[in-house]
S.K.: 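Have a look at this one.
Lettering of chains follows the sequences in order, A, B, ..., and the numbering in each one begins at 1. As the structure is a prediction and not an experimental result, all values here were calculated from the model.
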Number of protein chains: 2
Amino acid sequence: MAETADRILQAADELFSLRGYAAVSARDIAERAGVNKALIFYYFESKEALFRRVLDQYYEGHVKALELPTEGSYRERLHTLIDHYLDFIEDNYRYLQLVQREIIEGSSRLPYIQQNVMTLYSRVRDLLGDLVPASGALDARQFFVSFSGLINTFYVNAPVLGELWAGQQMDAAQRLARREHLHWIVNTLLDRLESGK
Amino acid sequence: MAETADRILQAADELFSLRGYAAVSARDIAERAGVNKALIFYYFESKEALFRRVLDQYYEGHVKALELPTEGSYRERLHTLIDHYLDFIEDNYRYLQLVQREIIEGSSRLPYIQQNVMTLYSRVRDLLGDLVPASGALDARQFFVSFSGLINTFYVNAPVLGELWAGQQMDAAQRLARREHLHWIVNTLLDRLESGK
DNA sequence: TAGATCGTTAACCATTCGGTTAACCCCTTA
DNA sequence: TAAGGGGTTAACCGAATGGTTAACGATCTA
């Protein structure tokens, strides 16, 4: 049944995201999936191939999330883009951690990730237009890095930040507050940029 | 000789930072240190204990970097704190990746890191004082998360961001530009907060 | 000179790793 | 009812894992 392969994929997804590639064994995955270990190698070529399949699944959704909104002012479009990205992350919470790990570990998939980053960057750059200088401390690249950091940190570091909110699980209210905060920051920065420094 | 223990520590530091805890074996460390594997367990209790020692070494520097400046306005002190933190990160580039990896992998060392985070947070909170509300989208926690993200992203994601700067290695000029950018953002946010929304 | 101590070594240990194998169960098709 | 064939299984494999052990020189002390 394809059902078995799916259960393996899902278990692998959960475990890899949680503990990383090296710290997860084929036995762990089989146990979590409630499946005989040999079936992993029956449906997937190897542990490495299984890991790639997990990543591929996410990449598809990511590309979709990066679609650029076409309506409204540049400011509205920027807010919309951020919201879409946040939606994607909240629905695919583990993806960020997977990608972050790939980056830190200097994986062979890095060029693929870079391409994704460049796509997103070019959209932010187009949106900012000539509001920012072409180079220096206030160029589009700096703001892109800043926006990425502002958004990603909250989710990547969630396991450690929970303490700040008195150990509560990260719930809908917290995510909403974070969203508000981000939009407030973006508006503040754009206001200052528009005022011409 | 203490020299042997030092060589083990350094090799462990390099390998753990590069590939993470689980992906590094005691044999790897011994080989890199040019030392018999048994010596690792002679000088250190276990692989886990060795890892802690690596973390401890960095932690000392980290705590120092977080010392609160005592002179100047709250705004000046915040800028100084950020500069000190940036200095520390630039001198201990691997530390950030190590910690980031630990967080993502949900390691058993997490409470240790959380304690560190809380220390830094309490300082930022004290600095922001009653400039921000006690809760909601603009509370001190949100700004702390934002500042952390703004600063860390640049270094954690350096391997992937290089492309933005035409593939150059991250050099002193780039780090300086990033620093300027961060201070500009902080000033912009503080201005808006002071203006009472 | 006879220990005693310390750093070092190769060989070894049980366990776990990713991956394979041969047999089996069960359903389809002829 | 016989023959396949896909899904599943326990048992197994060599290699690598973290960690231990007993012996070995060298240096120091009695």
Side-chain angles (χ1 to χ4, degrees), chain A residues 1-57 94 97-98 101-102 104-109, chain B residues 1-58 94 98-99 101-102 104-112:
Chain A
M1 301 186 228
E3 193 198 315
T4 301
D6 283 345
R7 288 171 66 188
I8 293 173
L9 253 178
Q10 193 184 332
D13 173 12
E14 292 164 5
L15 289 175
F16 283 143
S17 307
L18 214 60
R19 315 205 310 248
Y21 181 80
V24 172
S25 73
R27 282 166 182 82
D28 293 337
I29 297 169
E31 190 177 342
R32 179 145 189 150
V35 138
N36 189 283
K37 178 173 71 79
L39 288 177
I40 290 177
F41 302 93
Y42 177 77
Y43 286 106
F44 305 91
E45 191 181 291
S46 63
K47 181 187 164 189
E48 171 83 23
L50 175 56
F51 182 70
R52 295 221 167 122
R53 278 289 298 274
V54 170
L55 275 185
D56 282 339
Q57 265 191 177
R94 298 192 216 94
Q97 303 202 342
L98 265 169
R101 196 193 321 266
E102 290 271 293
I104 291 177
E105 292 183 358
S107 91
S108 59
R109 286 184 157 267
Chain B
M1 302 186 228
E3 192 198 316
T4 301
D6 282 345
R7 288 170 65 187
I8 293 174
L9 253 178
Q10 193 183 332
D13 173 13
E14 292 165 4
L15 288 175
F16 283 142
S17 307
L18 212 60
R19 316 206 309 248
Y21 180 80
V24 172
S25 73
R27 281 165 183 82
D28 293 337
I29 297 170
E31 190 177 343
R32 179 149 191 146
V35 138
N36 189 285
K37 178 173 71 79
L39 288 177
I40 290 178
F41 302 94
Y42 177 76
Y43 285 106
F44 305 91
E45 191 181 292
S46 63
K47 181 187 164 189
E48 171 87 22
L50 175 55
F51 185 78
R52 287 188 108 106
R53 278 290 296 276
V54 169
L55 274 185
D56 281 341
Q57 264 192 175
Y58 283 114
R94 293 194 220 96
L98 245 158
V99 170
R101 195 193 317 262
E102 288 281 293
I104 292 177
E105 293 182 358
S107 88
S108 58
R109 275 86 50 186
L110 221 106
Y112 192 79

S.K.: Would one find more than 12 heavy atoms of other residues, nucleotides or ligands at under 6.0 Å from atom CD of B:Glu48?
M.R.: yes
S.K.: Measuring from the side chain of A:Lys37 (C-beta onward, heavy atoms only), which nucleotide among C:dG18, C:dG7, D:dT20 has the closest atom?
M.R.: C:dG18
S.K.: Which residue lies toward the 5' end of DNA chain D, B:Ala38 or A:Gly34, if each is placed at its nearest nucleotide?
M.R.: A:Gly34
S.K.: Tell me which nucleotide among C:dG18, D:dT8, C:dG7 gets nearest to the side chain of A:Ala26.
M.R.: C:dG18
S.K.: Check this for me: A:Gln10, atom CD, are more than 12 non-hydrogen atoms of other residues, nucleotides or ligands nearer than 6.0 Å?
M.R.: no
S.K.: Has B:Thr4 got a side-chain N or O lying under 4.0 Å from the OP1 or OP2 atom of C:dT8?
M.R.: yes
S.K.: Return no unless some side-chain N or O of A:Ser46 is found under 4.0 Å from OP1 or OP2 of C:dG18.
M.R.: no
S.K.: Of the nucleotides C:dC6, C:dT9, C:dG18, which one has an atom closest to the side chain of B:Leu39?
M.R.: C:dT9
S.K.: For the side chain of A:Arg32 and the backbone of A:Ala11, is there at least one donor-acceptor N/O pair under 3.5 Å apart?
M.R.: no
S.K.: Is any side-chain nitrogen or oxygen of A:Ser25 closer than 4.0 Å to OP1 or OP2 of C:dC17?
M.R.: yes
S.K.: If the plane angle is over 60° it's perpendicular, under 30° parallel, otherwise tilted; pick one for A:Tyr21 and A:Phe16.
M.R.: parallel
S.K.: Are OP1 or OP2 of D:dG7 and a side-chain N or O of A:Asn36 less than 4.0 angstrom apart?
M.R.: no
S.K.: Counting only side-chain heavy atoms from C-beta out, which of C:dG7, D:dG19, D:dA10 sits nearest to B:Tyr43?
M.R.: C:dG7
